[in-house]
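Reviewing the structure listed below.
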Amino acid sequence: MITVLPDHIANQIAAGEVIQRPASAVKELLENAVDASATAIQLIVNDAGKSLIQVVDNGKGMNEEDATRCFGRHATSKISCIEDLFRIQTMGFRGEALASIAAVAQVELRTRTAAADTGFYVEVENSQLVKTAPVAAPQGTSVAMKNLFFNVPARRNFLKSNAAEMRHIIDEFTRVALAFPTIAFSLHANHQQLFQLESGTLKQRIVQLMGASYESRLVTVKEETDYLNIRGFVGKPDTARKTRGEQYFFVNNRFIKSAYLHHAVMNAFQGMLAPDHFPLYVLFIDLDPQQIDINVHPTKQEIKFEDEKIVYAFVQAAVKHALAQFSITPTLDFDLDASIQQLSSIQQPFTEEKRSAAADSSIFRSFTQKNQAHLIQPSGFTPYPSDWHTSEPEPASEATLLPSAIEEQTISVTGLLDAYILYPNRNGLWLIDQQGAHERILYEQLQQSSSDQPVPTQRTLFPVTLSLSPADAALLQELIPTLGSLGFLLEPKDPGSFMVQGTPSDLPSGQEKMIIESILEQYKHFNADVSHALREKLIRSMVKLRCIKAGTALSEKEMRQLVVQLLACQHPGKTPDGKPTYLAIEQSYLAEIFSR
Ligand code: ADP
Ligand code: MG
């Protein structure tokens, strides 16, 4: 039997495409404020957007009629005919965002235009108008959406931890803030100010967002050609970080993701970066909209260039040139054709003739030949070590020979070469690798820890202070509970800094800062199951730092403890990385060898 879905359910389903998580609503609301010509935009979130997302702008506002109409499906003031689609300059245009938000949250809108004396208040829930009333309001618009997915429990349950959702929100906020440096932005989360960005230049905006360490460490990128313009900044090679997260491309002021263009930048930095390091870049590529196919779905961040090889080559050349000009690369390995620099901007249509002229230019030829696009090696982009997905080690086959529960006093052990323990038992002889065994023991101990049963913490006598960029500080704030269960006690101090009040009791001192910073870097990469991956990574790095290394002489008591603890493990036969922890030599094998 076919039935027609009630409107509110159809709306909820459609909303799922546009609003997948709090960060998608943040993006839509910020873009609407930008489109309304606001010069100052505030973003306020509580519970990582799960209970409140509010955007307040000082833009042109809406009159009474538009304020009620804007929540309708396909309600937009931005296009009125199909031709408009191809001229579109604004961020949104499909008229779906507010309709979608109204389908999955409780929304309160306050708005006033410059021409009106009083503002207008509208409340919407489940796609239904609940209340409308005149209200005193400053010029501009405030949209507050409460309890996202309150009426779609399946989606609400699907949301990730607050730390993960906050990470996405900060990402979206950063992207919009980078694209519009002349607009002032602020971000408050749970009544705390995370960002206060004054109107300024792109360079100032980057420093405000990514931290003062970039102040004198940004290199200007600027090339203009008939086909496209590139402008922005790259970080000097010594600011490159071991993990990604500060790489941004904008095409016609819209953030995009492109592994292909990322490769072009990496190629330009070739030979200047430490292994596995990624430079900061914020690059704006502007070209004739006819030359790109923005997927008409506004939430998609992929893009297709009409001729992506040209774009690749120009990005690479522009970055190379920038690095060379600042004497960062020792030599100029291509000539920048002065006539190309002077060519007028991309406003004019790019004809076939111009394209081939560009392709013939010396700048273009000099780099395309050397750096063929087919040299891309995706393996270079592995965002985290390949051992990351190592599955839980299987019990070693020798485990079948495990001696049954043993008392520490009853066993005898002999140390060998400060690295191995010889442990005779009734099945034969074990040669245990002390480091591998300890890794396994620590790994299982840490895995069993939880917020109810945290790893024992030792208060630090002289607490270390961690100073972080605003974005990193916001993230660390969200990680405090996870870190707490693993034995790290952190207290927020001034905005952007934290005191390390305690560390896991057997962590060598002096390591805390390094560990926490590396945890943060690691964390930035996980979009998947963040909390699981994060904990796992954390545990593995703590194991590596804390384990007894080969070359350490152990007392007989320590060796006995190690053996007993290893035998108590669930998977005693392998280190967390899957290497064997011991070698078992059966008595029968010995007998055979020596022909008894
Ligand atoms: P779109 O942005 O694709 O047009 P939206 O659903 O995001 O669709 O918004 C619908 C309409 O509501 C917009 O076209 C605009 O006219 C109006 N609008 C939304 N947000 C604002 C705002 N912050 N200030 C002024 N007008 C707004
Ligand atoms: Mg919009």
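Here, residue 1 is the first one in the sequence, and each next residue gets the next number. Both ligands and their constituent atoms are indexed starting at 1 by order of listing.
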| query | Does Thr220 use its side chain to pair, donor to acceptor, with the backbone of Phe233 at less than 3.5 Å? | reply | no
| field | Test item: side-chain donor near acceptor, His321 and Glu223, under 3.5 Å | value | yes
| query | Is Arg21 reaching over with its side chain to a backbone N or O of Leu159, donor-acceptor style, under 3.5 angstrom? | reply | no
| field | Mode of Glu96 contact toward ligand 1 - side chain, backbone, both, neither (heavy atoms, under 4.0 Å) | value | backbone
| query | For ligand 1, is there an N or O atom under 3.5 Å from any N or O atom of Asn32? | reply | yes
| message | Checking the N or O distance criterion of under 3.5 Å, is ligand 1 in contact with Thr141? | response | yes
| N/O of Asp57 under 3.5 Å from N/O of ligand 1, yes or no? | yes
| said: Distance under 4.0 Å to a non-hydrogen atom of Cys70: what atoms of ligand 1 satisfy this? | reply: 12 (O)
| query | What about the rings of His262 and Tyr281, do their centers lie closer together than 6.0 Å? | reply | yes
| message | Show the atoms of ligand 1 that are less than 4.0 angstrom away from any heavy atom in Ala97. | response | 6 (O), 7 (O)
| request: Could you tell me whether the side chain of Asp57 and the main chain of Thr141 form a donor-acceptor pair under 3.5 Å? | output: yes
| query | Should we say atom CG of Asp117 is surrounded by more than 12 heavy atoms from elsewhere, each under 6.0 Å from it? | reply | no
| message | For ligand 1, which is the ligand I care about here, please tell me if Met62 has any N or O atom under 3.5 Å from one of the ligand's N or O atoms. | response | no
